[in-house]
Each structure stands twice: as C-alpha cells, then as structure tokens.
There are 2 protein chains.
Amino acid sequence: MSQTVDRALSILPLLAEGPADLGQVAERLGVHKSTALRLLRTLHEHGLVYRQSDQRYRLGARLFALAQEAVENLDIREIAHPHLVRLNEQCGHTIHLAVYEEGEVLYIDKVESRYPVRMYSRIGKPVAITVAAVAKLLLADLPESERRVLAEKLDYPMYTARSIPNAPAFLKELATVREQGWATDLGGHEESINCVGAPIRGTDGRVVAAMSVSAPNVVVTADELLTLLPLVRRTADAITREYSGSNVPVSTPANTPAEEGSS
Amino acid sequence: MSQTVDRALSILPLLAEGPADLGQVAERLGVHKSTALRLLRTLHEHGLVYRQSDQRYRLGARLFALAQEAVENLDIREIAHPHLVRLNEQCGHTIHLAVYEEGEVLYIDKVESRYPVRMYSRIGKPVAITVAAVAKLLLADLPESERRVLAEKLDYPMYTARSIPNAPAFLKELATVREQGWATDLGGHEESINCVGAPIRGTDGRVVAAMSVSAPNVVVTADELLTLLPLVRRTADAITREYSGSNVPVSTPANTPAEEGSS
DNA sequence: AATGAGCGTTGCGTACAGCGCAACACCTCA
DNA sequence: TGAGGTGTTGCGCTGTACGCAACGCTCATT
C-alpha cells in the first residue's frame, strides 16, 4: 500500500538470509543505490538494521527487543503461564503453549523440567504444522473454508512413518480433533515423542491458543501419556475460564472416558 | 531520513508496549487516521503487525521469524557453538556467548546443563552491561574515546553490594580487563552467581564476541570457578583461531598463572 | 606513482506517492 | 431513532522520495 515502506520492509527478509552490501540490496529491491541507502539509513536509525565492520548490513538488535517485548505482551501467555507451571509440577513433562496466526503456528511459551523458557527456541522456524498436536487444535477451529484452503496449501513432510501424509488425511484428523476437543501427536514428528494437547478458548468460544504435554516414550508410553488427558484438559479449561473472564461454557463435548463432573 | 518509513517504524515500539487501536496509533504518531491506516496496512502485509480479533493491532509473527533468522545467521555463533558445548561438557556450568552492538550487549547463545537454548531468554531486556563479565570484555576493547563516552552515559544500578557503582570505577575495571585479557563478575549481578569470561577476536585482533562460564556459589566457590579460567581462555582462543581463519596471534598478554604453551 | 575499477555518498530537479480532508459505512449505546 | 464512536474510501494538492550524475574514497593493477 505504501511504496516506500513496502520497499523498506522488503529489505528485512532479504537481510535475514545473510549480510548484504548496499549494491546487493539495491539490486534485489530493483531501485537505485541512493534509494536503497536512504531506506537502509532509516532502518538503521530505528535499530532494525546494523552495519557491521565490513560495511555490510545485517539485521539489528532492536529486532530482538521488539520480538521479546511482543511475546511478553501476549496476555494469553501471561494468564496461562502459572497454570502450565503447575501442570508441569504435577506431571513432570514438557509443556507447550501455542497460537495460530495467519497460516503459521507459533510456540509462545514452554515449561521444561527445570526452566521456563520465555522465547521458544523454535519460534520463527517452520513448526510441524501438519503433525503437532497444538497445530491440529488451532487449525481444527478455523472456519471450514479457510481450513480447507490452508490444508491444500500445506506441505506434508513425512517426518516419520506416522506423519500425516496429505490434505485429505489432515482434514479428517482435524474433523476428529474438532469433535473430540483434544488432540495427540503420537510419533508423527519425532519417532519417539508423543504429545497430547487441549484447546484454550476465548469469550466467543473460538480457540485462541492450544497447549500440550510432550514426553519421549522411553519415559512414558503413549498409553500412559494419554492417562494425563483429563489433567491436560482440566488445565486448559482452567486457563479458558480465567482468560475469558471467568465462566463461559467450557465446551467439552464428549469422548473423554470418565472425568470430573460440572463443566 | 525517509519520513514515511520513519513513521511506519515508529509504530513498532509503540505496539511493543501493548496492543493499540487505529486512533491511538494515529494520535501518537501525530498523523491523520488515514495515514496511520495506510502504514499499518503495509506493516500488516509484511507480517510485522497483526490485527487481533478486537481490531486492535499488535506486533506480528514475522518479527519472531526475522529475529530468529538473524540470530542464526550470526556466523560467530555458528562457529562458537560446538566449542561452547564442549566446554559445557567439561565443566558442567552454564556458558554464555555475547556480542556488542551500538551501546548494547546481546547474548546470542547459551548452553545449559542439559539443553542448548538458541535464543537467549534475556535478549531484548537491558543486559547488566556494567557488571556482566562478557560486557566488560566487549566494552574494554572499544576505542578509548568511545569507551569513555559510553561509560558516562550508562546507569550503574546496584544489583548487589559488589556491583560497580560509577563510571570511574567501571573505566578502571575495563582497563584491568583490557590488560589481563579476561574478566569476572563475582556476585556483581546476583549475589550468589559468579562468572568468568574471555574474549573472542577477529582477524584484526578486535574483540568480536565474548564468552563466559557462570555458576552459583552453592555449587562452586568463586575461587574454584577461577580455576576454570585457563580452560575458558583456551576455548575462547580456539574459537578465535577458527573464526579468524586459523592462526592469528591469539593475543594473550600475560597474567595467567601457569598455562599451556604455544598460542 | 599513476590509472582505473568498484564501492558508498551527496545534492538536486522532478514526478509521483503519500498526505490530510471530508464524506461514508458501520457499530454500540442512549 | 439518533448521536457518538469506530474504521474505511476517494480525491486533489503538496511535499517527499525518487533516480540521475558527480564526487570521494579505497584497493588493485600497471
């Protein structure tokens, strides 16, 4: 929409690939060197771009600062965190919290055996959107049209023999997840890792985030991990309640064996 | 330099404080709503800004992606990482890697007892620049004028009784560090944590990064930690050698008790 | 030393892109 | 039903970002 800004911002992904000098930037933008210089200078003033000693440009420190502040301001994260910690204390396994945003799934919190890691190491990398339990939960809640379009666009890498292989299988899985209100990943991403997850909903009942418990099956078998499902769901529901300003119907349709009573 | 881009980029820190609606953005930028809208749209197209369900804007996912890619493309990090892991295996303590950039010190890698964390949790937050061992190492190598100017500009928060209190003390410490070629932080940031660090240099002998080993004194006393100094320096020098395309004089002036022979 | 190629940088006139205005569409309250 | 609050659109004017060309600098090359 705004040409100048558009050009300037296009520089960022370009530099993300690696440092580049003025000429390269100008060429890849298709603009005159002086123009590129002006844009780079502006980016530099805002700290988004850094000029290293060999005069080449690379991404700057402010970027980290912004990303950091952004992730800290996600209120779902803030609300969820203590719940995740408590769940971790109860079961001992790794807990993940994730959100969906415009075609991507992002981990926004993680609690590990010992340390909470505020900014998840995989942020920014392509998340295993076709197999991760949290991804299934988040995508399952999209409007059907959007879900279908997205499913067609995705790649289906076979991380393991149990990875979901194609769009129809994925859509079928999403339908199941949508119906049952929870999701698993049993060795679909890494052979020996299983996950079980549950959705967190906003006031309007839409899924705003998803959480999961992961454990290698040398520690607990998939079946044993599944026994944690009620606990995981209860935690997710507790977060839902708190997030959507106390009690909204916590939407837990059916399908869980025997579990706590009032929703 | 470029007004439009300047305005657009000013939106980012503004949103970093928390979500804001169109009117707020326009007001704080001092521009018309339509202008703010155009800028926000452009930012949105590039994924730097996200529009949440209540129509307010917040920082977007691409920001994380960029920050992530940026940190991964730091070649010092890549070269250093295996060395850091090896050092960690030898001593068991937490290892940090940091760089200096325009008045800030950034952690760019960390190896913990069990997991490597690619993006350090503190990135973006004000690093304890006046007390951290890595900060001392990086600042000690700045040209004297720059060093002095920076030292005057800094705040000197008294994290503990042993924090460096003011500019003269800091400059004195930097001079010592510069001369001896290594640095410590003995309870200057957190009462019970000690660090010992060494510099990594580029082809031209300038310090390009710094690394440190940290441990709480319930695990090892400061004196015990200091016995690791030779090992830390050897690791730093190994990284220096590899980074600056094998052998440059590794600049280890004096001061280390008894240590390995050939540089 | 002198030459020249390859960089980044500067100043400037011009064209066009971004600006603010005003009108509009839509929502929630009263 | 209206009033006040949002976000959105189209448009004419002006200011700004554009590319050009000239300059300065650092390295190689002769």
Side-chain angles (χ1 to χ4, degrees), chain A residues 1-15 17-60 75 101-102 143 202-206 244-245 248, chain B residues 1-12 14-15 17-60 101-102 143 202-206 244-245 248:
Chain A
M1 294 268 122
S2 169
Q3 189 192 66
T4 317
V5 179
D6 187 50
R7 284 174 172 172
L9 297 183
S10 303
I11 292 177
L12 297 178
L14 193 157
L15 290 184
E17 296 171 18
D21 63 31
L22 180 61
Q24 296 169 323
V25 172
E27 195 194 8
R28 294 208 34 191
L29 279 188
V31 299
H32 195 266
K33 280 187 304 177
S34 58
T35 303
L37 181 65
R38 198 161 352 98
L39 298 176
L40 281 165
R41 277 222 255 259
T42 312
L43 290 169
H44 180 87
E45 265 174 34
H46 285 261
L48 297 185
V49 140
Y50 175 64
R51 193 150 201 198
Q52 47 191 31
S53 48
D54 61 354
Q55 288 212 117
R56 292 189 305 166
Y57 294 91
R58 48 170 203 74
L59 296 179
D75 42 349
E101 185 175 319
E102 313 199 3
T203 333
D204 52 1
R206 295 284 312 273
S244 47
V248 187
Chain B
M1 294 271 121
S2 169
Q3 189 192 65
T4 318
V5 178
D6 186 49
R7 284 173 172 173
L9 297 182
S10 303
I11 293 177
L12 298 178
L14 193 156
L15 291 184
E17 296 170 20
D21 63 31
L22 180 60
Q24 296 169 324
V25 172
E27 194 193 8
R28 293 207 38 189
L29 280 188
V31 299
H32 195 267
K33 281 189 303 178
S34 58
T35 304
L37 181 64
R38 198 162 353 99
L39 298 176
L40 281 165
R41 278 223 253 260
T42 312
L43 290 169
H44 180 87
E45 266 174 32
H46 285 260
L48 297 185
V49 141
Y50 176 65
R51 192 150 202 198
Q52 47 191 30
S53 47
D54 61 354
Q55 287 212 120
R56 292 190 305 166
Y57 295 90
R58 50 169 200 75
L59 296 180
E101 185 175 318
E102 312 198 4
T203 334
D204 52 0
R206 295 284 311 273
S244 48
V248 187

Does dG18(C) have its OP1 or OP2 closer than 4.0 Å to a side-chain nitrogen or oxygen of R41(B)?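 Checking dG18(C) against R41(B), no side-chain N or O comes under 4.0 Å of OP1 or OP2.
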Any side-chain N or O of R7(A) under 4.0 Å from OP1/OP2 of dG18(C)?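 Looking at the OP1 and OP2 atoms of dG18(C), neither is under 4.0 Å from any side-chain N or O of R7(A).
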More than 12 heavy atoms of other groups within 6.0 Å of E45(A) CD: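 Above 12, so yes.
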Side chain of [X] only, heavy atoms from C-beta on: which candidate in [options] is closest?
X	options	value
Q3(A)	dA17(C), dG20(C), dC19(C)	dA17(C)
R38(B)	dG20(C), dC18(D), dG7(D)	dG20(C)
Y57(A)	dT9(D), dC19(C), dT9(C)	dT9(C)
L22(A)	dG19(D), dT9(C), dT8(D)	dT9(C)
R51(B)	dT9(C), dG7(D), dG18(C)	dG7(D)
H32(A)	dG19(D), dT9(C), dC19(C)	dG19(D)

Heavy atoms under 4.0 Å, any strand shown: does S2(A) hit a base, just sugar-phosphate, or nothing?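 Sugar-phosphate: the residue S2(A), judged by heavy atoms under 4.0 Å, touches backbone atoms but no base.
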Which part of the nucleic acid, if any, lies within reach of R56(A) when heavy atoms closer than 4.0 Å are counted: base, sugar-phosphate only, or nothing?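 Nothing, no heavy atom under 4.0 Å.
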Just the rounded figure in Å: distance from P of dG7(D) to CD of Q24(B).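 Distance check: Q24(B) CD to dG7(D) P gives 9 Å.
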For the side chain of K33(B) and the base of dG7(D), is some donor closer than 3.5 Å to an acceptor across the two?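 By the distance-only test, yes, there is a pair.
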Is any N or O donor-acceptor pair between the side chain of S34(B) and the base of dG20(C) shorter than 3.5 Å?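 Pair found.
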Straight-line distance of L12(B) CG to L48(A) CG, nearest 0.5 Å: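 Taking CG in L12(B) and CG in L48(A), the distance rounds to 6.5 Å.
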Can you check salt bridge (Lys or Arg N to Asp or Glu O under 4.0 Å) on R28(B) and E17(B), steps first, answer last? CA-CA 13 Å; R28(B) 293 207 38 189; E17(B) 296 170 20; 3.2 Å; yes
Heavy atoms, side chains only, cut-off 4.5 Å: are R41(A) and L37(A) in contact?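 R41(A) vs L37(A): side chains touch.
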